[in-house]
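One structure below.
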2 protein chains.
Amino acid sequence: MPGTARRADRPADRLPARAGSRYGNRPTMKDVAARAGVGLKTVSRVVNGEPGVTPDTERRVQEAIEALGFRRNDSARVLRKGRTASIGLILEDLADPFYGPLSRAVEEVARAHGALLINGSSAEDPEREQELALALCARRVDGLVVIPAGDDHRYLEPEIRAGVATVFVDRPAGRIDADVVLSDNFGGARDGVAHLIAHGHRRIGFIGDMPRIHTAAERLRGYRAAMEEAGIPVAESWMSLGVTDPERVRRAAEEMLSGPEPVTAVFTGNNRVTVTVIRVLAEQPHPVALVGFDDIELADLLQPGVTVVAQDAAALGRTAAERLFRQLDGTFLTPERIELPTRLVMRGSGELPPAR
Amino acid sequence: MPGTARRADRPADRLPARAGSRYGNRPTMKDVAARAGVGLKTVSRVVNGEPGVTPDTERRVQEAIEALGFRRNDSARVLRKGRTASIGLILEDLADPFYGPLSRAVEEVARAHGALLINGSSAEDPEREQELALALCARRVDGLVVIPAGDDHRYLEPEIRAGVATVFVDRPAGRIDADVVLSDNFGGARDGVAHLIAHGHRRIGFIGDMPRIHTAAERLRGYRAAMEEAGIPVAESWMSLGVTDPERVRRAAEEMLSGPEPVTAVFTGNNRVTVTVIRVLAEQPHPVALVGFDDIELADLLQPGVTVVAQDAAALGRTAAERLFRQLDGTFLTPERIELPTRLVMRGSGELPPAR
DNA sequence: CTGAAAGCGCTTACAG
DNA sequence: CTGAAAGCGCTTACAG
C-alpha cells in the first residue's frame, strides 16, 4: 500500500512507556521567560541571536538560561520551521568496509550543511529498505540518500512529491525517475577482464553477487563484453552469481578451478567475493590470476599483490550528498545519472600468465 | 559554558531558507479528517490502531488517507509524546573498519527497540564531540552511545539529569560517573607482549596512538607490565605514542629497527598502526616479530600471518546499546564498568624468534 | 525594544 | 463510538 499510513506497526509504537520521574523536567523557554521576567519572544530572540534586545535584557535572559540549564528543543523548533536539518542514509550494511567511507563522506557533506545523518542498514532486504525509508520520511528528514536493496521505488513517489530530496547511490532507483550516482561498473569490469585477456588468459571465471543487484549485473555485462570483444566464447560454468557468503563463493571458485578445462583466471565481482577467492586461490597448486572489483585493504602486501578495479566509495557518497543539498536549495533539477570512473590498480595477481 | 544555550551557532541555524512551492503541501490529520467527514481524534485513532472505531468509519478514514497520501508526521508526534525513539552514536570515524561493525551492532539493538540511529564522527576532536553530543541532545535523542574523544564530559551532566540515557564505549567518560563498556585493553596488551617474550624476545617496541586516548594509555601500561613481569628493563626509545598517520608510524618503526640495538619484535597499539608497521617490516632485511592490537582483514593471508589481540567490536556496540535501553526502561542503574575480554589469535608473525 | 496571540501536527484528557 | 479543547515547545506575524 504505497502512500498510505498503517496501523500500529511503526517503530515508535513499540516504545516502552515513558518513565515518569526522570523525564519531563526540562526547562522550556517559558520557564526561562518567567525566571528572567521577560516575554517568551524575548527569550527566543536571545537564544537565536536575533537583534533588538538591550544588553541588559539579554544578560538577564542569559543568566536564567544558565541557572536553569536550558537547551532549546530543536525538535519543537523543527516542527514549526518545516525543515528538520537531518537526512537519512540507507545502505546495505554499515559493517561492510565499502560503506564506511561512503557513509563518512555523506556525513561530512551533511555537516557542512548543518544537517545530521540518520543511518540505516537494509541488510539487502527490499522490505526493510522500504520500512526504513518510510520511517525516515515520517520523521520528516529533509532528504534521503539510498543505496537501494529493492528494484521498485514507487513507494517513494508521494514522499518525493511532498519535497523529500532523494538521491540514489551505487545502484539506480527502480521504476521511478531519480538522481543516481554510480561507478562505471560496466566499464570497470570490462577493463579488468580485458586486462586478464591481454595477459594471455582465455578461460576466465566470473564470480559475482546476486544478479538482481544492479552492480552485479553490470559487472557481469562488462565481463561478457570484454570476452566478446576478444572473440572468446564464454562457457556457462565460468560464471557464478549469487549470495556472497564465503561458502557459496568458495564452492563456485573450486568448481571453476577443477574439471578438465579449469579457468586460469578469475574476475571477482566485489570486495567480499575477492576476499574469499584469495583464500581459495592460495590453496591451488598452480598460480591463478585474479582481478577484483573494489579495492581491499592490504591488497598490496599479499603474495602476489591483488590487482583490482578500484572505485572511490567516498567520492560516491560525497557526490550524492552534494547533489541532495542542491536539490534542497530549491533549484529545480532534472534527475541525472552521474557516473564516476573506476581505476585499474595493477599489483601482480592480474598480471600472472595462464598456468599450464 | 556547560548547560547553556548559545546564539546562532548551531547547525539548524545555517540552513537555507525553506524552498517555497515544493514543500508544505503535506496532508495532515486535519486534512484527512475534513475529507473523511470525521473529527481529528478519529483519524488519530485509525492511524494508531486504537480501538473504538466502527468498521465503516475506519474505512472512510482509510480511504481519505490513501487518497491524500497521508503519512503521520512522527516529529510532531514525538513532541507530544516525550520520547523520540532515536538514539545518537558518536564515534571517531565511521570510515575506520573498527567502527563499522560496532555501529551496525548498535543499530541492530536500536532497531529491536524501535529506535533510529543518528551517527556522528568526532574525528577525535573533543570540541566536535561536544558539539555533536549537544546537537543530538537538542534534538532530544532518548540516549547517547559515545566513544569519547575528549576527557571531560561534565558538559553532559545536565543532559543526563534531564533523562538522556548515556553509555560510553571503548573508552571511559571523563570527570563524570557513567556506564562504560570496554575491552580489556591492559590485559590484552600484556598478554600479547608476554607472548612475544615467551618466544624469546627481549627488545620489543611499542607503537601506539596518542597517549591522551585511554585505550592507547592502557595498552602501553599492559606492555610495561609484561616487560616488568619478565624483568626486562624498557628503553625509552622502544616506545612511541602519537598520531596514527602512516608517516609518523613509519618513522617510529624505522627508528626502533635501526641503530646498534634494534628491537626484534614490535607490538602495535591499534589496527591503523598495525597496517603501517606491516609495510615497514616487509621491507626489513631480517624477519621482525609482530603482534597487533585489533584484528585486521586478510591478516591470515599475509606472509607470515599477523598475530593479533582481537577485540570484538560488534560485542562492544551491542553490549553498550543494550545497556542504554536498560537505562531507558526506567529501572535505576548504578553506573557500571563492563569489560569484555580480548583474544590472542596466533598466525605466525607473533611466533617468529628474534633475528640475529 | 518587547510581548501576546496564533499555529506547526500531533496526542492527552475529557465530555458527550 | 466520537470529537472539541488544550497542550507539547517552539517560531511567525503582528501590534504596541
Side-chain angles (χ1 to χ4, degrees), chain A residues 5 8 10 12-13 15 17-18 23-34 36-61 65 68 70-85 137-140 162-163, chain B residues 5 8 10 12-13 15 17-18 23-34 36-61 65 68 70-85 137-140 162-163:
Chain A
R10 261 167 268 78
D13 294 309
L15 261 200
R18 183 169 170 156
Y23 302 93
N25 37 22
R26 282 221 178 236
T28 69
M29 281 195 180
K30 205 173 146 190
D31 300 324
V32 174
V38 300
L40 190 57
K41 177 61 199 169
T42 299
V43 177
S44 174
R45 283 202 182 86
V46 172
V47 169
N48 295 302
E50 286 166 23
V53 183
T54 42
D56 183 61
T57 308
E58 173 167 357
R59 185 165 25 75
R60 274 185 12 248
V61 172
I65 286 174
L68 295 172
F70 168 77
R71 188 173 312 285
R72 184 181 64 192
N73 183 335
D74 279 354
S75 77
R77 174 174 217 237
V78 132
L79 176 61
R80 193 62 240 250
K81 284 235 160 206
R83 284 277 180 99
T84 59
C137 290
R139 296 300 180 93
R140 297 294 187 266
Chain B
R10 261 167 271 78
D13 294 308
L15 261 200
R18 184 169 170 155
Y23 302 94
N25 36 21
R26 283 223 178 234
T28 70
M29 281 195 181
K30 204 173 148 193
D31 300 324
V32 174
V38 300
L40 191 56
K41 178 61 198 169
T42 300
V43 176
S44 174
R45 284 201 182 86
V46 172
V47 168
N48 295 302
E50 287 166 22
V53 182
T54 41
D56 183 61
T57 307
E58 174 167 355
R59 185 165 24 75
R60 272 182 16 244
V61 172
I65 285 174
L68 296 172
F70 169 77
R71 187 173 312 285
R72 184 181 64 192
N73 182 335
D74 279 355
S75 77
R77 174 172 216 239
V78 133
L79 176 60
R80 193 63 238 252
K81 284 237 160 203
R83 283 277 180 96
T84 58
C137 290
R139 296 297 180 94
R140 297 293 187 267

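Naming: A, B, ... by sequence-line order, numbering from 1 per chain.
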Could you work out, with salt bridge (Lys or Arg N to Asp or Glu O under 4.0 Å) as the rule, every residue matching A:R60, not counting sequence neighbours?
A:D56

Just verifying a value: how many Å separate B:K41 NZ and B:M29 CE, rounded to the nearest 0.5 Å?
8.5 Å

Once you apply a heavy-atom cut-off of 4.0 Å, does A:T57 come out as touching a base, just sugar-phosphate, or nothing?
sugar-phosphate

A:T42 side-chain N/O to C:dG3 phosphate OP1/OP2 under 4.0 Å:
yes

Please report the closest heavy-atom contact between B:R72 and B:V47, naming both atoms and the distance.
CD-CG1, 4.0 Å

Tell me every residue that passes side-chain hydrogen bond (donor to acceptor under 3.5 Å, both in side chains) with B:K30, counting only those two or more places apart in sequence or in another chain.
none

For DNA chain D, report each stem as range with range, ordered by first number, or say none. Use Watson-Crick or G-U wobble pairs under 3.5 Å, at least 3 in a row.
C:1-3 with D:14-16, C:5-12 with D:5-12, C:14-16 with D:1-3

Walk along nucleotides 10-16 of chain D from 5' to 3' and tag each nucleotide B, S or - by protein heavy-atom contact under 4.0 Å, base first, then sugar-phosphate.
SBBB---

In a check of side-chain contact (heavy atoms from CB on, under 4.5 Å) between A:D31 and each of A:I65, A:V43, A:L68, which one passes?
A:L68

In terms of heavy-atom contacts, A:A36 and A:V61 come closest through CB-CA, 4.0 Å

Do A:R80 side-chain atoms and A:R77 backbone N/O form a donor-acceptor pair below 3.5 Å?
no

How do B:V53 and B:L79 order along DNA chain D: which one's closest nucleotide is nearer the 5' end?
B:V53

